[in-house]
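Throughout, a chain's letter reflects where its sequence line sits, starting with A, and its residues are numbered from 1.
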Number of protein chains: 2
Amino acid sequence: MISSIAELIADRIGTMPAGERRAAQTLIASYPMIGLKTVAEFSAAAGVSSPTILRFVARLGFQNYPEFQSSLQDELAAQLQSPAIRTLNPPSPGSGSASPMLEATLDNMRETFRHLSDRQLADIATRLAERRGKTFLIGGRFTDPLARYMAAHLAIIQPDVIHLAGQESMWRDRLIDMGKRDVLVIFDIRRYQDSLVRFAEKAHQRGVQIVLFTDQWLSPIARFARHVIAGRTAVPSAWDSSAALFVVAETLIGAVTRQLEADGARRIREMEGLR
Amino acid sequence: MISSIAELIADRIGTMPAGERRAAQTLIASYPMIGLKTVAEFSAAAGVSSPTILRFVARLGFQNYPEFQSSLQDELAAQLQSPAIRTLNPPSPGSGSASPMLEATLDNMRETFRHLSDRQLADIATRLAERRGKTFLIGGRFTDPLARYMAAHLAIIQPDVIHLAGQESMWRDRLIDMGKRDVLVIFDIRRYQDSLVRFAEKAHQRGVQIVLFTDQWLSPIARFARHVIAGRTAVPSAWDSSAALFVVAETLIGAVTRQLEADGARRIREMEGLR
DNA sequence: CAAAATACGTAACATACGGTACAGCGCTCC
DNA sequence: GGAGCGCTGTACCGTATGTTACGTATTTTG
């Protein structure tokens with residue numbers, strides 16, 4: 001059953017030629033506001049010509065553009081009048097043909113944060129913000145991108161943020177630079193990598209404070225870690241999901257940024273100047 | 001402080017003559033839908049003449065009717081785009097005061113998937129699974145980790161998955177290997193990177209099919225893309241959030257894996273053997 | 001109660017909006 | 001490599017829309 005124009009588009013977008021598909025994507029991207037404007041504005045936003053927009057609405061089954069707009073407006077009106085039914089798509093949260101994957105991921109995040117106190121996050125953020133030493137980040141086979149993501153942001157708001165990439169032997173050489181005043185952020189989920197565990201242990205011996213992102217079964221690195229963040233990873237897929245950890249990472253990035261606001265703002269301005 | 005047109009009307013309705021007051025009441029009654037229709041319809045609904053409507057919007061301080069409509073639309077858009085602030089939406093059990101960051105992220109994901117049909121995801125997955133050619137992945141400053149994450153998974157279940165890393169000049173040299181049968185997955189969110197846009201354009205000219213992960217404002221690369229995935233990125237933080245795109249990426253990885261199950265399983269076993 | 005001012009609607013007008021015909025281009029399929 | 005088809009944009013057209021001028025009705029004021 002097709003109840004909204006958005007669904008209608010999703011249903012037919014596959015059969016559309018390139019130009020009309022761009023129109024469809026533009027509309028979906030800022031649904032449905034663009035559709036309420038004039039054909040000229042719509043076409044400009046989509047980067048196509050007016051006739052393409054008209055052919056697009058025609059393909060959706062509307063006689064003309066005004067009819068299409070009216071339909072959008074009716075949809076909007078219905079949405080606004082019953083905020084309860086709002087999220088019009090997932091009528092029964094948790095079911096929907098939508099995506100069991102999405103539902104599981106959302107659940108994972110809620111669960112992850114339920115077991116994560118604001119206090120704990122704040123502590124970690126503070127530790128990362130007080131720049132007594134350097135910040136190292138590293139991850140496993142699938143989680144290294146998370147380390148990179150975090151490093152990319154942190155490196156902008158403070159100095160001495162180092163992502164450990166490449167071969168295992170490369171990291172090991174960096175150990176010599178690491179000491180009590182430094183922090184090591186490690187991402188490690190199943191199947192836990194021996195190389196990471198070994199590395200964490202050595203760092204720990206040198207007095208480095210370890211912040212561990214892992215799954216609910218806890219990587220063995222938890223033994224050495226000062227702070228452990230355990231994220232849910234189970235989803236209906238062949239792979240584990242790192243999405244919950246990703247969100248925690250973003251939250252942390254935000255918190256650190258806030259704490260460094262004064263310093264950070266200056267750094268960011270300087271950086272913008274350099275680009 | 002007056003922030004909405006509704007407030008503006010409430011503020012001035014006392015000073016209006018009878019006809020304009022009826023117009024005001026009619027608009028408030030079904031706010032703001034009537035205001036988006038034509039002057040003729042508005043006037044009919046209010047039982048007054050067209051000029052009265054025009055005098056009404058003029059009294060509100062607008063130069064002309066279209067300007068008034070644009071203002072209404074902007075207001076609507078703002079309402080729709082921040083689902084979190086919207087009507088006390090059910091805090092969903094287990095959330096509590098926890099983190100506005102988390103709430104915003106969850107909303108972003110729901111919104112992102114609401115605009116994303118199963119069909120579209122399936123199409124992209126199929127395209128990635130039918131290995132006629134190679135699969136290239138690349139991302140921007142903050143999103144390159146997402147490209148890596150996806151590449152790390154895809155590379156396991158199929159051959160010829162290449163993550164384009166390093167300097168811009170490095171990618172350009174890979175262009176020569178790219179052709180009609182290949183797919184290029186690009187991650188690009190604000191602020192869009194010129195280098196990526198240029199690269200996408202050249203790839204497009206070579207006939208490469210582009211799958212674009214971007215934000216709701218659409219990277220200019222959307223012009224060249226065969227498939228566009230627009231994720232919500234707004235969160236209460238100094239940074240944009242890529243979490244929604246991350247989840248889409250994971251979903252896609254899962255879908256591709258399922259399609260390649262037969263082949264994939266064999267490959268995974270072989271790989272395990274090699275380690 | 002008269003006269004003026006204000007408000008409102010009718011009707012004419014100009015603009016810009018949606019719609020269409022047509023030609024060029026690229027793509028696919030022999 | 002060539003022929004056919006389908007998609008797209010340019011240019012133009014008719015019209016519906018917002019806008020304005022003006023005359024009438026209604027209220028207000030001296």
### Task
Assign the ring pair His153(A) / Phe142(B) to parallel, tilted or perpendicular, where the plane angle (0 to 90°) is split at 30° and 60°.
parallel

### Query
How long is the line joining CZ of Phe42(A) and P of dG9(D), in whole Å?
13 Å

### Query
Among dG18(D), dT10(C), dC8(C), which is the nearest nucleotide to the side chain of Thr52(B)?
dC8(C)

#### Entry: Between dT19(D) (C1') and Phe68(B) (CZ): distance, integer Å
16 Å

### 5' priority, DNA chain C, between Lys180(B) and Val57(A) [closest heavy atom]
Val57(A)

### Donor-acceptor pair under 3.5 Å, Arg55(A) side chain vs dG19(C) base
no

### Query
Taking CD from Glu20(A) and P from dG6(D), how many angstroms apart are they, rounded to a whole number?
14 Å

### Query
Is there side-chain contact between Glu75(A) and Tyr31(A), with heavy atoms separated by less than 4.5 Å?
yes

### Query
Rounding to a whole Å, what distance do you find between Leu54(B):CG and dG18(D):P?
8 Å

### Task
Return the value, rounded to whole Å, for the distance between atom CG of Asn64(B) and atom P of dA16(C).
11 Å

### Task
Calculate the interatomic distance between Phe56(B) atom CZ and dT19(D) atom P; express it in whole Å.
14 Å

### Task
Could you tell me whether Pro17(B) contacts a base, only the sugar-phosphate backbone, or nothing, with contacts defined as non-hydrogen atoms closer than 4.0 Å?
sugar-phosphate

### Query
Which part of the nucleic acid, if any, lies within reach of Thr38(A) when heavy atoms closer than 4.0 Å are counted: base, sugar-phosphate only, or nothing?
sugar-phosphate

### side chain to side chain donor-acceptor pair (under 3.5 Å) partner of Glu20(B), the single match among Arg55(B), Arg59(B), Arg12(B)
Arg59(B)

### Task
Would you mind reading off the distance between Met16(A) atom CE and dC7(D) atom P, rounded to a whole angstrom?
12 Å

### Message
I want to verify a distance call: between dT10(D), dG19(C), dA11(C), whose nearest atom is closest to the Ser49(A) side chain?
### Response
dT10(D)

### Task
Mind telling me whether Phe62(A) and Phe68(A) have parallel, tilted or perpendicular rings, with 30° and 60° as the class edges?
perpendicular

### Task
Let me see the working for Asp144(A) and Arg148(A) under salt bridge (charged side-chain N to carboxylate O under 4.0 Å, His left out), right down to the final yes or no.
CA-CA 6 Å; Asp144(A) 192 57; Arg148(A) 280 179 190 271; 3.4 Å; yes

#### Entry: Atom-pair distance (CD1 on Ile53(A); C1' on dT20(C)), nearest Å
16 Å

